[in-house]
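Have a look at the structure below, then the notes.
Counting starts at 1 for both ligands and their atoms, following the listed order.
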Amino acid sequence: MTAPMNPKWNGQFSCFDLVAKTDECSHSIVRVRDLEIGGNDFVVMAGPCAVESESQLLQTAEAVAHAGARVLRGGAYKPRSSPYAFQGLGVEGLKILSKAREATGLAIVTEVMSEEDVDVIAEYADIMQVGTRSMENYALLEALGTCGRPVLLKRGMTATLEELLRSAQVIAMAGNPQVILCERGIRTFETATRNTLDIAAVPVLKAVSHLPVIVDPSHAAGVRSLVAVLSRAAAVVGADGLIVEVHPQPEKALSDGNQSLTFEEFRCMMVDLQPYLDLQQASRRFRPQLLVVGGVD
Ligand code: PEP
Ligand code: MN
């Protein structure tokens with residue numbers, strides 16, 4: 001499954017010594033509660049773009065857990081393009097997320113936008129999400145070095161893979177080796193989709209870095225009709241998981257409704273994904289050494 005190393009990549013990425021693949025460390029596993037991200041499981045994270053209310057989140061948590069998701073996503077602090085758009089519920093949203101974890105057993109991933117919010121978000125979250133707009137916020141990345149939680153690092157929408165790995169190296173150098181990389185689409189001249197999913201980023205990152213790599217088909221596509229097929233593509237190219245937006249009533253969502261799946265669409269997506277995961281599973285059995293990092297509960 002893993003693409004062979006291209007000699008050009010070696011010089012380009014090996015300087016990021018804490019995150020680059022080496023003979024001693026070819027794959028690392030990030031442990032989150034009872035999950036092993038980057039291990040044998042394909043971990044699906046799902047939920048609304050933003051936490052809007054307790055009933056919205058609890059309903060969604062139940063539905064995505066039932067369909068096979070293992071991690072609940074939901075933004076309490078939202079980076080919005082417009083200053084007039086919904087900015088998130090803040091600490092109230094974090095409390096709702098932790099209620100949903102208690103109710104369903106799902107782990108929680110939620111975005112952190114500022115180093116000032118790291119401590120409070122780390123109290124509630126299992127995984128700290130760094131959004132595309134924050135990938136090069138070095139004050140934030142350094143603060144995440146000592147937060148005691150794994151970090152989901154999204155690729156900047158105009159960032160190269162080298163820049164993504166450089167940011168991962170900053171977090172690792174600051175003391176936190178538990179980093180999960182996320183391809184979420186990049187800006188190109190194409191306008192038919194919200195971003196262009198750089199599907200090749202997955203095998204390149206898997207070839208040059210030992211970190212787990214997941215795909216966000218929702219922000220890449222911008223429209224719900226493409227989310228399932230891009231998820232299957234992610235499985236085929238060897239991603240370790242997905243992060244997908246799901247909402248009880250996408251047409252009423254306060255953010256990203258166009259790309260959010262209904263519960264039924266998410267359930268069907270998970271069913272249709274299974275044959276592709278079975279294929280991936282068969283090839284993963286032959287993976288070489290695994291390095292286990294972390295173990296935060
Ligand atoms: C999100 O996950 O809702 C989000 C804002 O993602 P991104 O940072 O990739 O745009
Ligand atoms: Mn979103």
His247 and side chain to side chain donor-acceptor pair (under 3.5 Å): which single residue from Glu52, Gln59, Gln259, Arg224 fits?
Glu52

Got a list of side-chain donor-acceptor pairs under 3.5 Å for residues 84-93, not counting sequence neighbours?
| from | atom 1 | to | atom 2 | distance (Å) |
| --- | --- | --- | --- | --- |
| Gln87 | NE2 | Ser82 | O | 3.4 |
| Gln87 | NE2 | Pro83 | O | 3.4 |
| Gln87 | NE2 | Ala85 | O | 2.6 |

Going by an N to O cut-off under 4.0 Å, is there a salt bridge joining Glu136 and Arg166?
yes

Thinking salt bridges, do Lys99 and Glu102 make one under a 4.0 Å N-O criterion?
no

Return the set of protein N, O or S atoms whose distance to the Mn ion (ligand 2) is under 2.8 Å, each given as residue and atom.
Cys49 SG, His219 NE2, Glu245 OE2, Asp256 OD2

Measure the shortest side-chain to side-chain distance between [X] and [Y] over non-hydrogen atoms and say whether it is less than 4.5 angstrom.
{"X": "Cys147", "Y": "Met128", "value": "yes"}
{"X": "Lys206", "Y": "Leu211", "value": "no"}
{"X": "Glu111", "Y": "Pro79", "value": "yes"}

Report all protein residues having a heavy-atom distance below 4.0 Å to some atom of ligand 1; order the list by chain, then number.
Cys49, Arg73, Lys78, Glu111, Gln129, Gly131, Thr132, Arg133, Lys154, Arg184, His219, Glu245

Please tabulate, for side-chain N and O atoms in residues 63-76, each donor-acceptor pair with protein atoms closer than 3.5 Å (sequence neighbours left out).
| from | atom 1 | to | atom 2 | distance (Å) |
| --- | --- | --- | --- | --- |
| Arg70 | NH2 | Asp34 | OD2 | 3.4 |
| Arg73 | NE | Pro48 | O | 3.1 |
| Arg73 | NH2 | Cys49 | O | 2.9 |
| Arg73 | NH2 | Glu245 | OE2 | 3.4 |

Interatomic distance, OH@Tyr124 vs CG@Leu97, rounded to 0.5 Å, equals 10.5 Å

